Amino acid sequence: MQSAIEAPQWFSQGAEHVWRPYTQMKTASPALPVVSAEGTRLRLADGRELIDGVGAWWTVVHGYRHPHIEAAITAQLRTLPHVMFGGLAHESAYTLATRLAALLPGDLNHAFFSDSGSVAVEVALKMAAQFWLNQGVRGRTRFLAFQGGYHGDTFATMAVCDPEEGMHALFRGIVREEPVVPLPVTNEDFARFEAFLEREGRTVAALLIEPLVQGAGGMRMHAPETLRRISELARSHGILVVFDEIFVGFGRLGSLFAMQQAAVVPDIVCLGKALTGGFLPLAVTVASSRVFEAFLDDSPSKALMHGPTFMGNALACAAANASLDLFEREPRLAQVQQIETWLSAGLAAARGAPNVVDVRVKGALGVIQLRQLPPAARLERQFADAGVFLRPFANILYTTPAYVSDEAEIAQLTRALVAAAELDPSRA
Ligand SMILES: *Cc1c(COP(=O)(O)O)cnc(C)c1O
């Protein structure tokens with residue numbers, strides 16, 4: 001742990017003033033001051049180096065300070081760092097929209113930029129709602145989502161998160177009550193899901209799902225076939241299908257987009273997180289032609305009513321284009337496949353430990369689900385001593401390493417995770 005003597009002044013002063021995310025400020029141990037990062041590693045103020053096993057909240061897929069992305073941002077900085085998107089256009093955003101349309105399957109061809117995943121989901125919800133209103137349909141006003149899901153921290157997105165993780169009880173009366181149902185897996189589940197759609201499907205504007213892995217809601221996985229069945233059922237009830245690929249997009253599960261593994265194309269997809277390779281905040285909501293065309297009208301009030309100030313920020317779009325270059329030029333998806341085998345081999349040792357409920361791996365995502373997480377301070381200490389940064393939540397130990405991680409780095413991460421899974425969670 002950082003001692004007061006070693007702590008830089010900006011840290012000890014600022015710690016009084018910075019309100020940290022999802023953190024009980026009264027009891028939490030201090031954050032680790034980071035002074036630089038390179039490749040897979042963070043360098044702390046006291047000189048220690050830690051492998052970032054979280055990849056800066058799942059975003060740093062090519063490693064920190066990748067020279068190609070750095071150069072693209074620098075070049076953009078020297079010509080046009082930012083310009084408003086209302087009435088003005090710039091090359092990086094227009095090129096990025098064109099490239100995303102080419103990379104995404106089907107006719108997902110119309111990109112609406114924003115600065116965070118939560119806002120990209122808000123935009124998707126607004127698109128879906130207005131899609132129906134623009135066509136004179138008044139009854140489709142609700143959003144259907146799944147337990148275990150996570151779609152953001154803003155009020156509309158909290159309503160479509162898992163009721164517990166989304167704090168629906170805490171915010172009762174403030175967060176809208178949307179139908180958040182169990183994600184169907186078995187045939188009986190599907191019969192119940194279908195019965196729900198028969199009963200209430202006509203009131204639903206859109207269904208929202210994270211394809212193949214529900215991330216922040218618990219790292220739960222489902223089969224491509226399940227995703228396909230859910231999408232088809234929703235469609236057969238006229239419901240728009242929104243895929244939230246903010247976590248799983250850009251290679252995390254071994255394909256550029258998770259939807260490709262199920263060969264289904266949604267009406268709208270949300271992308272964020274790894275979009276810029278973890279360099280700058282950027283998100284995008286991409287709509288199919290059918291959705292887009294419902295907004296084409298002589299009436300100005302049928303335009304999509306949204307427009308973030310920093311929409312299509314040029315630095316962020318330049319970073320995203322450079323990140324896409326790297327997916328083209330370097331064997332990223334093969335690296336993810338390789339990481340999957342290393343993670344599977346490394347985490348297998350946790351199976352059978354008394355505190356372990358499940359071990360699961362998909363692409364560059366390794367998960368150990370515990371009965372009970374050991375005390376946070378104990379884990380933080382143990383991970384730092386093992387030379388890694390990991391940040392468990394709920395009852396989940398996991399790693400989302402950069403795709404450029406080598407075998408030794410993945411082994412160091414899996415050893416640290418297995419050691420944490422073997423701790424007696426009742427001891428401090
Ligand atoms: C992180 C995440 C979001 C929210 O993105 P922010 O950029 O944190 O607002 C939404 N959906 C999924 C699936 C996510 O993983």
Side-chain angles (χ1 to χ4, degrees), residues 19-23 54-61 112-128 143-163 165-167 175 178 180 183 206-222 227 230 241-253 256-259 262 266 268-286 306 308-313 316-317 319-320 323 362-365 367 391-394 396 398-400:
W19 201 335
R20 295 159 56 200
Y22 285 108
T23 301
V54 190
W57 261 331
W58 322 341
T59 64
V60 173
V61 293
F112 190 97
F113 292 109
S114 56
D115 349 292
S116 78
S118 300
V119 173
V121 174
E122 293 260 351
V123 169
L125 299 179
K126 196 184 271 191
M127 271 180 191
F143 303 113
L144 174 60
F146 293 110
Q147 291 168 13
Y150 175 81
H151 300 287
D153 283 355
T154 56
F155 277 97
T157 60
M158 271 198 285
V160 285
C161 286
D162 182 83
E165 293 288 313
M167 300 162 285
V175 167
E178 300 290 6
V180 182
L183 194 149
L207 167 131
L208 212 71
I209 184 169
E210 296 158 86
L212 306 191
V213 178
Q214 296 178 298
M219 298 293 181
R220 304 183 211 193
M221 302 181 182
H222 58 264
L227 179 67
I230 290 170
V241 174
V242 180
F243 284 176
D244 178 349
E245 290 229 8
I246 292 167
F247 170 41
V248 295
F250 301 106
R252 179 59 60 189
L253 306 183
L256 193 58
F257 302 107
M259 66 177 93
I268 300 172
V269 63
C270 302
L271 301 168
K273 290 215 162 85
L275 174 57
T276 65
F279 277 67
L280 286 160
L282 184 69
V284 62
T285 310
V286 187
H306 211 92
T309 303
F310 280 96
M311 180 170 188
N313 173 264
C317 290
S323 174
K362 192 157 177 58
L365 166 65
V367 181
R391 195 168 163 80
F393 63 90
I396 299 291
Y398 78 95
T399 182
T400 47

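As the structure is a prediction and not an experimental result, all values here were calculated from the model. Ligands are counted one by one from 1 in listed order, and the atoms in each one are counted from 1 as well.
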### Message
Checking side-chain contact (heavy atoms from CB on, under 4.5 Å) between Phe146 and each of Ile230, Val160, Leu208, which is the one that passes?
### Response
Ile230
### Task
Could you list which atoms of ligand 1 come closer than 4.0 Å to a heavy atom of Gly117?
4 (C), 5 (O), 6 (P), 7 (O), 9 (O)
### Task
Determine, stepwise, if the pair Phe393 / Tyr398 fulfils ring-ring contact (aromatic ring centres under 6.0 Å, His included).
CA-CA 9 Å; Phe393 63 90; Tyr398 78 95; 5.7 Å; yes
### Task
Heavy-atom contacts with Glu210 under 4.0 Å: which atoms of ligand 1 show up? List them by number with element.
13 (C)
### Summary
Among non-hydrogen protein atoms, atom 14 (C) of ligand 1 lies closest to Lys273 NZ, 2.9 Å
### Summary
Looking at Leu208, Asp244, Thr154, Val121, the heavy atom closest to atom 12 (C) of ligand 1 belongs to Asp244
### Query
Just how far is it from atom CD of Glu245 to atom NZ of Lys273, taken to the nearest 0.5 Å?
12.5 Å
### Task
For Trp58, take its heavy atoms, then give the atoms of ligand 1 lying under 4.0 Å from any of them.
15 (O)
### Message
Classify the ring geometry of Trp58 against Phe247: parallel below 30°, tilted from 30° to 60°, perpendicular beyond 60°.
### Response
tilted
### Query
Looking only at protein heavy atoms, which one is nearest to atom 8 (O) of ligand 1, and how far off is it?
Ser118 OG, 4.4 Å
### Query
Against heavy atoms of Ser116, which atoms of ligand 1 measure under 4.0 Å?
7 (O), 9 (O)
### Task
Determine, using heavy atoms of Trp57 and all atoms of ligand 1, whether some pair is separated by less than 4.0 Å.
no
### Task
Report the distance from atom CG of Leu212 to atom CZ of Phe257, rounding to the nearest 0.5 Å.
13.5 Å
### Summary
CG (Leu144) and CD (Glu178) are apart, to the nearest 0.5 Å, by 9.0 Å
